[in-house]
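These notes concern the structure reproduced below.
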There are 2 protein chains.
Amino acid sequence: MDRSETLKRAPMFAALPASTLADIGRFFIQSTHQAGDYIFFEEDIAHRLYLVQTGEVKLIKHSAGGQAVILQVFGAGETFGGIASLVGQKYPATAQAQTDVTVLSVSGETFRQIVHRYPDIAFSIIRVMGTRMMETQEQVRQLVAERVERRLARMLLKLADQVGVPVDEGVRIDMPITRQDLAEMTGTTLETVSRTVSRWRRDGIVEAGREEITITHPHGLVLIAEDLEEDNS
Amino acid sequence: MDRSETLKRAPMFAALPASTLADIGRFFIQSTHQAGDYIFFEEDIAHRLYLVQTGEVKLIKHSAGGQAVILQVFGAGETFGGIASLVGQKYPATAQAQTDVTVLSVSGETFRQIVHRYPDIAFSIIRVMGTRMMETQEQVRQLVAERVERRLARMLLKLADQVGVPVDEGVRIDMPITRQDLAEMTGTTLETVSRTVSRWRRDGIVEAGREEITITHPHGLVLIAEDLEEDNS
DNA sequence: CGTCTCGTTGACGAAGCTCAAAATAAGTGG
DNA sequence: CCACTTATTTTGAGCTTCGTCAACGAGACG
């Protein structure tokens with residue numbers, strides 16, 4: 001895909017005229033990373049803004065005890081590392097390629113100049129940050145108020161919305177995703193995820209294989225996610 | 001306190017020259033709220049940006065089951081409701097006065113014009129949002145990785161840092177705060193907070209009364225917060 | 001075919017939530 | 001100042017959810 005084409009898909013730049021996009025596009029460098037590769041680490045000095053072109057990147061925060069939380073998963077058109085690079089801080093989390101990915105990136109310095117030249121971008125940045133902040137706050141609320149099964153149901157529905165593709169059996173999550181990943185996304189353990197998914201499989205709600213999940217009965221998941229779960233006694 | 005004086009204390013406006021502050025200050029309206037008053041509700045259409053002049057305001061997110069999470073506590077110089085009012089969305093959470101407070105506020109429309117006139121503010125907004133985002137992400141990490149006692153210890157230390165005043169016995173949290181509040185700040189229940197605080201009191205780490213806590217042995221708290229807790233067997 | 005990663009399942013325990021009851025503190029109106 | 005009301009806190013008992021530890025199975029890949 002062409003650069004200004006990718007920029008056009010990014011909410012942060014979407015509002016700009018095509019000529020400006022072409023102009024800005026020149027400053028971006030394309031690079032590829034294999035699934036599992038780290039793109040940057042928490043605590044690194046932030047020097048680049050990244051923009052996902054193809055594939056998915058996850059943003060992780062690690063704890064001393066070795067546990068990890070997946071804060072967010074970015075797909076095509078989404079940016080990450082931007083704020084830190086703009087402000088010149090350390091990255092607040094680690095970015096790792098979930099699939100093979102291609103990303104565009106610019107240096108913080110260049111990004112600053114771009115924003116300076118096209119101040120409207122600042123508004124877009126604020127808008128994007130506002131959205132992410134809401135999502136993160138919602139994550140906090142869920143962690144406090146809801147139990148694992150519900151969080152997991154919500155997460156699958158969210159993933160289906162983001163990267164779901166229709167297949168014969170239902171909607172397939174189009175991204176290799178381990179039980180461990182799901183656990184880190186929902187703040188639980190891989191065993192609990194495995195048990196829950198197995199139960200759902202028995203109930204005919206999902207089909208699941210190695211690094212692969214298909215939702216066969218979305219309505220069932222919604223019932224769980226929205227606390228309308230009928231008890232099957 | 002004078003308006004431009006208050007603006008000067010706000011990171012969002014601090015970088016502006018005094019003349020500009022005086023100019024902007026004219027658009028702000030001062031209002032007071034009693035402890036417990038709601039300033040705005042989640043889901044309200046956001047029409048104003050608020051800036052705390054005196055007192056403390058808490059930002060709360062409610063769940064269907066009646067549970068609540070305190071996302072943040074804002075003190076003098078801190079702004080809230082800003083992003084939503086700028087973007088013209090609904091407020092993502094509820095704001096409630098923790099103490100009697102005085103706040104300055106402007107309409108979203110006016111705020112937009114101000115930012116438009118003084119684009120540097122946009123950068124400050126991004127910086128402030130970045131900081132808050134990091135804090136919220138850290139909150140997520142803690143909820144997932146750490147147990148209640150640790151989270152509570154950290155919270156008390158944070159509060160001591162924000163609103164602590166030295167007294168004879170140690171450092172007093174200078175804000176009326178119930179066990180329920182602490183529970184909502186740390187994602188637990190008031191009973192668990194009560195038990196933990198009682199234990200700490202027996203251990204000589206804190207003194208606590210009704211809506212009142214004084215840290216008498218900060219080092220003990222730090223040991224707990226940093227997982228260096230020696231077992232007293 | 002051996003190794004590795006990923007997934008499944010069981011058993012056990014513990015952190016912390018829920019429910020309940022009572023004590024304490026702070027008003028409030030007479 | 002006292003009786004009464006209300007909010008806050010404490011403490012106990014029981015129990016559920018979920019994490020931890022462990023063993024095993026199965027597919028993938030060189």
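All chains are named by letter (A, B, ...) in the order of the sequence lines, taking the proteins before the strands, and each is independently numbered beginning at 1. These values consider heavy atoms only, across backbone and side chains, with no hydrogens, waters or symmetry-generated copies.
Judged by distance alone with a 3.5 Å cut-off, no donor-acceptor contact links the side chain of E212(A) to the base of dC6(C). With hydrogens and angles left out, the side chain of Q180(A) and the base of dC6(C) share no donor-acceptor pair within 3.5 Å. With hydrogens and angles ignored, no donor-acceptor pair under 3.5 angstrom links the side chain of R147(B) to the base of dG19(D). In this model, a side-chain donor or acceptor of R195(B) finds a partner on the base of dT18(C) within 3.5 Å.
A straight line from CG of L182(A) to C1' of dT8(C) spans 15 Å, rounded to a whole angstrom. Summarising the geometry, the separation between CG on L143(A) and C1' on dC17(C) is reported as 17 Å, rounded to the nearest angstrom. To the nearest angstrom, P of dA7(D) lies 15 Å from CG of D181(B). The nearest whole Å value for the distance from the CZ atom in R179(A) to the C1' atom in dT9(C) is 13 Å. Distance, R210(B) CZ to dA26(C) C1': 5 Å, rounded to whole Å.
Between the side chains of T214(B) and E212(B), at least one donor N or O lies within less than 3.5 Å of an accepting N or O. A side-chain donor-acceptor contact under 3.5 Å links T54(B) and T102(B).
Taking for each of R151(B) and E191(A) the nucleotide of DNA chain C with the nearest heavy atom, the 5'-most of the two is the partner of E191(A).
Comparing dG19(D), dG12(D), dT9(D) by their closest approach to the side chain of L190(B) singles out dT9(D).
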Residues 70-79 of chain A, side-chain donor-acceptor partners within the protein, below 3.5 Å, at least two apart:
residue : atom : partner : partner atom : Å
Q72(A)  : NE2  : E135(A) : OE1          : 3.1
E78(A)  : OE1  : G75(A)  : N            : 2.8

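Direction of the helix axis in the helix from dC1(C)-dG30(D) to dG30(C)-dC1(D) shifts by 40° between the two five-pair termini, rounded to 10°.
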